[in-house]
Amino acid sequence: MRTWISFAVLVLISGAHLTLTATQTPSPAVYTAAQADAGQASYQANCASCHQPTLVGQNEAPALAGANFMTTWRGRTTKDLVEYMAATMPPGKPSLGEAEYLNISAYILQFNGAAAGAQPLVAATATPIGTVATGQRAAARPGTPAPPAGAAPPARAAVAPPRGHSVKGEVKNYVPVTDAMLKNPEPGDWLMARRNYQAWSYSPLAEITTKNVKDLKLAWSWSMNEAGANQPMPLVHNGIMYLAHTLNMVQALDAATGDLIWENQVGPNAIVGSFGSMRNIAIYQDKIFLSTTDAKLYALDARTGAVVWTVTVADNTKGYYQTSGPLVVRGKVIQGLQGCDRFRATERCFISAYDSSTGKLLWKFHTVARTGEPGGDTWGALPDGMRAGGDTWIVGSYDPDLDLIYYGVAQAKPWMPASRGTKVSDAALYTGSTVALRAEDGSLAWHYQHIPGETLDQDEVYERVLVDNGPEKAVFTIGKAGILWKLERKTGKFLGYQQTVFQNMFDKIDPEKGTPTYRQDIIDQKIDEWLAVCPSTEGGHNWQAMTYHPPTHQLIIPLSQSCMEIVARKVEFAEGSGGTSAARKFFEMPGSDGNVGKLLAIDVTTMKETWSVQQRAAYLTAALSTAGGVMFIGDLDRQFRAHDVKTGEVLWSARLGTAVQGFPVTFTANGKQYVAVTTGVGGGSPRVVPRTITPEINPPANGHTLYVFELPKR
């Protein structure tokens, strides 16, 4: 078996941690002011989109300044810092020169209070960081706010002004999208994330079949913004495609020809939030709804792209952002929220609803319970301001008959209880849960917590797929732990589960309630003690959505097979602190024979496997199935493939410009069926982990493009 344990993601070097005391003499300065000046510019260009302009960090990108940074790096050397960045940064393809890594290291040292001097930092310099830096910046550099004592600054730097309504045009003969259309979409339309309220990622179109799919050819392609992580899902209505780009831009295109009709960028012209992804938009009546990465919600005129209204969902200067868009339910625009990983005395994350005509706030549901609220006693002794997490970064589903909205809520932050000041037995509601909310007022109908006290970044935030199987009304979901959960969607009653990849974090799963029990060493975790677990933070399953194929009663699920060592770090309990606060190493999953990518088909009635396919390259798109018996999916190695839904056999493939990444869709325009998919770079664990354990797969570091395929003319 091929195995690579990543030097690139090691964040701890063995050895004693050094502490600078009042009696010690600081070491001589190890870098020059000129290096730090150059490093500041390079950092903003190459690092700030993940670690933030003020080095505060976000999500998987740790803080590079303040107490939490010093906790991890105090006992390590400047040489370790330079080598670590050269091996890992930017994520996906380290590509800077030695001088640039040295300059960025100098800037990080300066930001943490180390003084500049006459001696330049060189690769061989191995000065312990704790002897030259304090974590507190002595003075702010021009244009960058200084952090408060003991913590990295929570605010972001200003971004460039938006480009605005850069291309003006009009969609002719536009037909408003009604509630009835959303409930029962026309076969040739794709009107919402995953196509229908039930989140099937399935199309009833059947022009493309198992017999003729081998004849697919490129109809047209469209270049997209290169910044950030490209993971979009286009919408199509009456032959018009609405496409979201990174940098908060939406375009309307003729879906048959690729001709541009209008274009509008309404949010920051910069990467903000978690890699700048723009996963989905929504359409209703005469409006397109876009959630921007600076935590705002926009309504655009679907005919022209002009802004109709805008509202602020949350304060972006406090770290909130969005990468997935809204769901429209009976005139309400339902929106999740990210940036929930920081300690905040008054704010916390929520799901919210807005009037589609005016943008007026209608309701909020808070995803982290506080003192005196239902679930408020599940966070141990943590004060309310130290309860973090509960992001909702994947758009939800909806049952029109029950009038219930289903969302997955992400894990508590920091990732590990040893860091966040709780026990594994503290459930930390409503993190790691499915919540069913009443569409009318956002009140909680029920919740089911999949992994109480989740402690290894095994997120359960992903798609909720609604399936009727005779009288049984089920909701299926699968998270990073690779467990396919089956619940009754009226009450949340546990109905069953199926493990889809190897896992060794749980000793058992209760067959009646579904509650998992962690291994004893995970329960007994301590700061700075490594744990080896499967799967890794890549998942199991991640944002690449599964598909439900009604004709065969199958769920077809993109999976990943990797493992990790993970360690909890000490966290400062102060306003603006928090974060994920864990370090990881990645390695191949036992029994995978080096195959990171896995496709698994599960019968929804029996919960048994019907077929599976494994390959070396990770799958980086959602799965799309059709009435023609074909399932489409793309991977890291640039392959976009069609599989037979009954057997998993590959029927067709095309190698595209870079990694195939996003959400494939199929639609009709001018009476003809098309299939569309995007390529892209960037992202978190689903990109970083395969780069570590499949280093021979090297797609280009650019090439964000939409590709549209068709059958030849007859």
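Just so you know, these numbers come straight off a predicted model, no measurement behind them. Nothing fancy with the numbering, it's 1 onward along the sequence.
- Residues H541 and E460 bring no donor and acceptor atom of their side chains to less than 3.5 Å of each other.
- In summary, the aromatic rings of W543 and F663 are positioned with their centroids under 6.0 Å apart.
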If you apply the rule side-chain hydrogen bond (donor to acceptor under 3.5 Å, both in side chains), what do you find for Q338 with T323, and how did you get there? CA-CA 8 Å; Q338 287 176 258; T323 62; 2.5 Å; yes
Test ring-ring contact (aromatic ring centres under 6.0 Å, His included) applied to F632 and F640, step by step: CA-CA 7 Å; F632 294 92; F640 184 48; 5.8 Å; yes
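- In this structure, the side-chain contact (heavy atoms from CB on, under 4.5 Å) partners of D189, at least two apart in sequence or on a different chain, are E186, L191, H237, N238.
- Qualifying ring pair (Phe, Tyr, Trp, His ring centres under 6.0 Å) partners for Y284, counting only residues two or more places apart in sequence or in other chains: none.
- By the 6.0 Å and 45° rule, K646 does not stack over the aromatic ring of W611.
- Between D403 and Y398, the shortest heavy-atom distance links the atoms OD1-OH, 2.5 Å.
- Looking at T537 and R584, their side chains do bring a donor and an acceptor atom within 3.5 Å of each other.
- The closest side-chain donor-acceptor pair between T371 and D384 falls under 3.5 angstrom.
- Looking only at atom types and distance, the side chain of S536 has a donor-acceptor partner in the side chain of S562 under 3.5 Å away.
- Residues satisfying the side chain to side chain donor-acceptor pair (under 3.5 Å) test with D603, not counting sequence neighbours, are none.
- Between R464 and T434, the closest heavy-atom pair is NH2-OG1, 2.8 Å.
- Nearest heavy-atom pair across V630 and A642 is CG1-CB, 3.6 Å.
- Shown here are the ring pair (Phe, Tyr, Trp, His ring centres under 6.0 Å) partners of H447, two or more places apart in sequence or in another chain: Y430.
- Sorted by first and then second residue, the ring pair (Phe, Tyr, Trp, His ring centres under 6.0 Å) pairs with a member in residues 470-502 read H450-W485; sequence neighbours excluded.
- One side chain, T666 or Q673, offers a donor N or O that lies under 3.5 Å from an acceptor on the other.
- Among pairs with a residue in residues 598-637, none fulfils disulfide (SG to SG under 2.5 Å), at least two apart in sequence or across chains.
- Neither side chain, Q639 nor D637, offers a donor N or O lying under 3.5 Å from an acceptor on the other.
- Side-chain contact check for T626 and S203: no donor-acceptor pair (N or O, by modelled atom type) lies under 3.5 Å.
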Could you walk me through whether D507 and T517 satisfy the side-chain hydrogen bond (donor to acceptor under 3.5 Å, both in side chains) test, starting with their C-alpha distance in whole Å, then the side-chain angles of each, then the deciding distance to 0.1 Å, before giving a yes or no? CA-CA 6 Å; D507 280 339; T517 300; over 6 Å; no
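- Ring-plane geometry between H549 and Y202 is classed as perpendicular, the angle between the planes exceeding 60 degrees on a 0 to 90 degree scale with a lower cut at 30.
- For W393 and Y407, the gap between ring centers reaches or exceeds 6.0 Å.
- Side-chain contact, R641 with Q615: a donor N or O sits under 3.5 Å from an acceptor N or O.
- A donor-acceptor pair shorter than 3.5 Å cannot be found between the side chains of S201 and T547.
- Side-chain N/O atoms of T455 and Q525 include a donor and acceptor closer than 3.5 Å.
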